[in-house]
Participant: 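I'd like to ask you about the structure that follows.
Chain letters run A, B, ... following the sequence lines, proteins first and then strands; every chain starts at 1. Side-chain atoms are counted along with the backbone in the values below, which use heavy atoms only and exclude waters and symmetry mates.
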2 protein chains.
Amino acid sequence: MESCRLSFIGRKMSTKTIQTESRKNTRGYGAVTIYETLRDEILSLTLQPSELIDEASLAKRFGVSRSPVREALVRLVSESLLQTLPNKGTIVAPLRIEEFPQYVDALDLIQRTVTRLAARNRNATDLQRIRDAQNRFARCVEQGDALGMILVNRDFHIEIAKAGKNHHLVQIYRRLLDDGRRSLRLYFKSYNDSLPSEMNDNHERMIDAIDAQDLDLAERLAREHTTEMQQRFLDYLGARQTADITVSA
Amino acid sequence: MESCRLSFIGRKMSTKTIQTESRKNTRGYGAVTIYETLRDEILSLTLQPSELIDEASLAKRFGVSRSPVREALVRLVSESLLQTLPNKGTIVAPLRIEEFPQYVDALDLIQRTVTRLAARNRNATDLQRIRDAQNRFARCVEQGDALGMILVNRDFHIEIAKAGKNHHLVQIYRRLLDDGRRSLRLYFKSYNDSLPSEMNDNHERMIDAIDAQDLDLAERLAREHTTEMQQRFLDYLGARQTADITVSA
DNA sequence: TGTATGCAGATTGTCGGCAATTTTCCGTAT
DNA sequence: ATACGGAAAATTGCCGACAATCTGCATACA
């Protein structure tokens with residue numbers, strides 16, 4: 001996992017913990033497991049924004065002491081996914097819907113940049129990785145797996161960013177995409193997890209532009225992608241369920 | 001402090017700890033103090049890149065147990081300022097000089113963007129804050145305070161970014177500027193901490209452009225600022241101390 | 001001589017407990 | 001009915017200790 005590499009370098013697996021589930025019980029993976037689980041629950045809205053959580057409950061839930069729980073919480077706080085209320089508890093970072101326009105502006109800028117860079121600097125390996133991600137995405141669409149689709153869509157775009165060969169921008173982009181996961185989840189939920197399939201074509205065209213090293217087209221497609229996402233989200237926010245019902249005076 | 005707000009919300013000072021130094025000894029500030037101290041030492045190169053540190057020594061140095069030390073280290077690891085070697089120790093993140101071109105590219109993009117946004121969205125309060133920072137910067141130049149100059153220069157640019165009114169971009173920009181502090185420190189050290197004063201004029205012109213809402217000029221000046229920094233750094237890397245010495249065959 | 005093995009030292013990861021601080025709730029007086 | 005005061009509950013911040021794991025070195029063995 002990505003977060004693993006962030007905090008542990010060169011950790012070797014002991015030979016007796018080949019099985020996936022027992023690996024997580026190995027010393028050194030307690031805090032990481034909790035971190036990853038909580039992070040995913042926050043971004044998938046399983047834990048609701050502003051929800052209050054406390055260390056003791058989490059310790060009991062994961063069957064460990066408070067130390068690894070605290071480590072996970074500290075990391076999540078430093079990523080602005082949690083906020084600590086001293087001597088009171090910890091809350092999931094509120095979802096500030098009023099910041100959505102700012103978010104779209106920032107995402108658009110970075111997305112255009114990394115996609116353009118990808119068109120310029122991609123090599124054969126990059127293209128293969130991007131296509132792999134796109135194939136996984138298509139499979140999620142087929143199976144109607146909304147959660148998987150959100151995740152793989154993120155991977156797809158990050159692979160593109162990596163092809164741009166600018167580590168700083170990849171990190172910035174990854175963070176922005178993750179920040180948006182909660183809004184995106186909200187949007188999909190509103191459609192009962194049914195999926196728009198146009199995104200598939202959009203992805204394919206983007207791959208072609210990157211392959212052909214058409215910088216301007218790649219950037220334009222990246223912008224379209226953001227704009228479409230924004231429009232869908234605005235439609236969701238503007239949807240009215242009772243517009244055709246007459247209220248008698 | 002900024003980092004305080006990240007992890008603590010609404011903490012009230014108890015009445016008996018008005019004095020600055022005793023405030024740091026108050027419960028809840030142990031980890032924060034260590035975090036801020038270490039962070040500053042890393043970014044100012046007091047702690048050298050790739051230097052190995054261990055929790056026990058830090059605990060002894062700060063006169064606390066390992067718990068608050070660990071909390072500080074976890075935060076620094078999640079900011080990529082430290083790297084953990086499991087069961088072995090923790091090292092200061094290596095300074096990868098080969099990533100400098102990537103860094104400049106990213107900084108240029110974001111700096112141009114936030115400065116342009118500032119010219120568009122600034123109000124009277126923003127301008128006042130920017131001018132305050134610039135005054136503090138000028139004072140550092142007068143006094144020949146190199147370390148202060150680096151810090152206040154950062155504050156100056158962050159105030160500009162804030163005037164752009166995009167929280168995501170401010171956060172991205174802040175992180176990029178901090179990432180560059182170590183390289184910048186390296187550069188100033190090479191000049192025995194003597195200071196180039198042209199930056200003052202550059203800042204003044206930037207303020208004027210933002211005040212006049214000249215978007216293109218502001219962006220151009222921002223780019224110049226980055227380019228100048230890059231050129232100075234390259235000059236430093238290319239500087240030869242023995243070019244005029246003849247070696248007899 | 002080269003390689004495997006085991007022991008000692010060092011460092012981290014985790015645990016249970018205690019104290020400080022805040023919040024909450026209840027009784028009391030106005 | 002409401003404001004005020006104090007005790008109890010809840011929660012975090014910190015501590016000291018223990019165990020697991022890794023490193024390095026000395027030693028035994030082929």
Side-chain angles (χ1 to χ4, degrees), chain A residues 3-4 6-17 22-38 51-78 82-92, chain B residues 3-4 6-18 22-36 38 51-78 82-92:
Chain A
S3 52
C4 229
L6 247 172
S7 106
F8 293 101
I9 296 156
R11 165 174 291 276
K12 292 168 190 162
M13 293 294 159
S14 53
T15 52
K16 60 180 174 184
T17 55
S22 64
R23 179 184 301 171
K24 298 215 164 186
N25 295 332
T26 308
R27 170 190 171 87
Y29 281 93
V32 175
T33 305
I34 298 170
Y35 165 79
E36 288 171 356
T37 306
L38 287 182
E51 185 171 341
L52 184 69
I53 60 183
D54 73 280
E55 300 177 358
S57 311
L58 290 174
K60 191 173 294 180
R61 172 182 162 195
F62 288 98
V64 294
S65 83
R66 275 176 50 220
S67 299
V69 172
R70 273 184 75 82
E71 180 169 331
L73 294 188
V74 167
R75 286 181 66 182
L76 291 167
V77 166
S78 96
L82 293 179
Q83 294 179 348
T84 298
L85 312 176
N87 303 314
K88 178 137 197 292
T90 302
I91 60 169
V92 180
Chain B
S3 52
C4 232
L6 246 173
S7 104
F8 294 101
I9 297 154
R11 164 174 293 275
K12 291 169 190 162
M13 293 292 158
S14 51
T15 52
K16 60 180 172 183
T17 56
I18 304 287
S22 64
R23 178 186 301 170
K24 298 216 163 186
N25 295 332
T26 307
R27 171 190 171 86
Y29 281 93
V32 174
T33 305
I34 297 170
Y35 166 78
E36 287 172 357
L38 286 182
E51 185 172 343
L52 184 68
I53 59 183
D54 73 282
E55 300 176 358
S57 311
L58 290 174
K60 192 174 294 181
R61 173 184 163 196
F62 287 99
V64 294
S65 84
R66 276 176 52 221
S67 299
V69 171
R70 274 185 75 82
E71 180 169 331
L73 294 188
V74 167
R75 287 181 63 182
L76 291 167
V77 166
S78 97
L82 292 179
Q83 294 179 349
T84 298
L85 313 175
N87 303 313
K88 179 142 196 296
T90 303
I91 60 170
V92 179

Participant: Counting side-chain heavy atoms from C-beta on, which of D:dG16, C:dG13, C:dC15 comes nearest to B:S65?
Facilitator: D:dG16

Participant: Donor-acceptor pair under 3.5 Å: do we get one between A:S67's side chain and the base of C:dC15?
Facilitator: yes

Participant: Just compare D:dC14, D:dC15, D:dT12 and give me whichever is closest to any side-chain atom of A:D54.
Facilitator: D:dT12

Participant: Quick one: B:K88 NZ to C:dA10 C1', roughly how many Å, whole number?
Facilitator: 11 Å

Participant: C:dT14 P sits how many Å from A:I34 CD1, rounded?
Facilitator: 8 Å

Participant: C:dT12 P sits how many Å from A:E71 CD, rounded?
Facilitator: 12 Å

Participant: Measure across A:A31 and A:A72 and return the closest heavy-atom pair with its distance rounded to 0.1 Å.
Facilitator: O-CB, 3.8 Å

Participant: Between A:V92 and A:L82, is there a side-chain heavy-atom distance shorter than 4.5 Å?
Facilitator: yes

Participant: Expressed in angstrom and rounded to an integer, what is the separation of A:L52 atom CG from C:dT23 atom P?
Facilitator: 12 Å

Participant: Any non-hydrogen side-chain atom of B:I34 less than 4.5 Å from a side-chain atom of B:L58?
Facilitator: no

Participant: Listed in order of residue number, which residues of residues 55-63 of chain A have a non-hydrogen atom at under 4.0 Å from DNA chain D?
Facilitator: A:E55

Participant: Sequence neighbours left out, what passes side-chain contact (heavy atoms from CB on, under 4.5 Å) with A:S65? Give chain and number order.
Facilitator: A:S67, A:P68

Participant: Any idea which of D:dC15, C:dT14, C:dG13 is nearest the A:P68 side chain?
Facilitator: C:dT14

Participant: Got B:R61 and B:I53 here, is their nearest side-chain heavy-atom distance under 4.5 Å?
Facilitator: no

Participant: What's the CD1-P distance between B:I91 and C:dT12, to the nearest Å?
Facilitator: 13 Å

Participant: Is any side-chain heavy atom of A:L73 less than 4.5 Å from a side-chain heavy atom of A:T84?
Facilitator: no

Participant: Heavy atoms from C-beta onward define the side chain here; which of D:dT12, D:dC15, C:dG13 lies closest to that of B:V64?
Facilitator: D:dC15

Participant: How many Å lie between CD1 on B:I53 and C1' on C:dT11, as a whole number?
Facilitator: 13 Å

Participant: Mind calculating the distance between CZ (B:R66) and C1' (C:dA10) to the nearest angstrom?
Facilitator: 11 Å

Participant: When the distance from CG of B:L82 to C1' of C:dT11 is rounded to whole Å, what number comes out?
Facilitator: 16 Å

Participant: Identify which one of B:R66, B:K60, B:K88 satisfies the salt bridge (charged side-chain N to carboxylate O under 4.0 Å, His left out) criterion when paired with B:E55.
Facilitator: B:R66

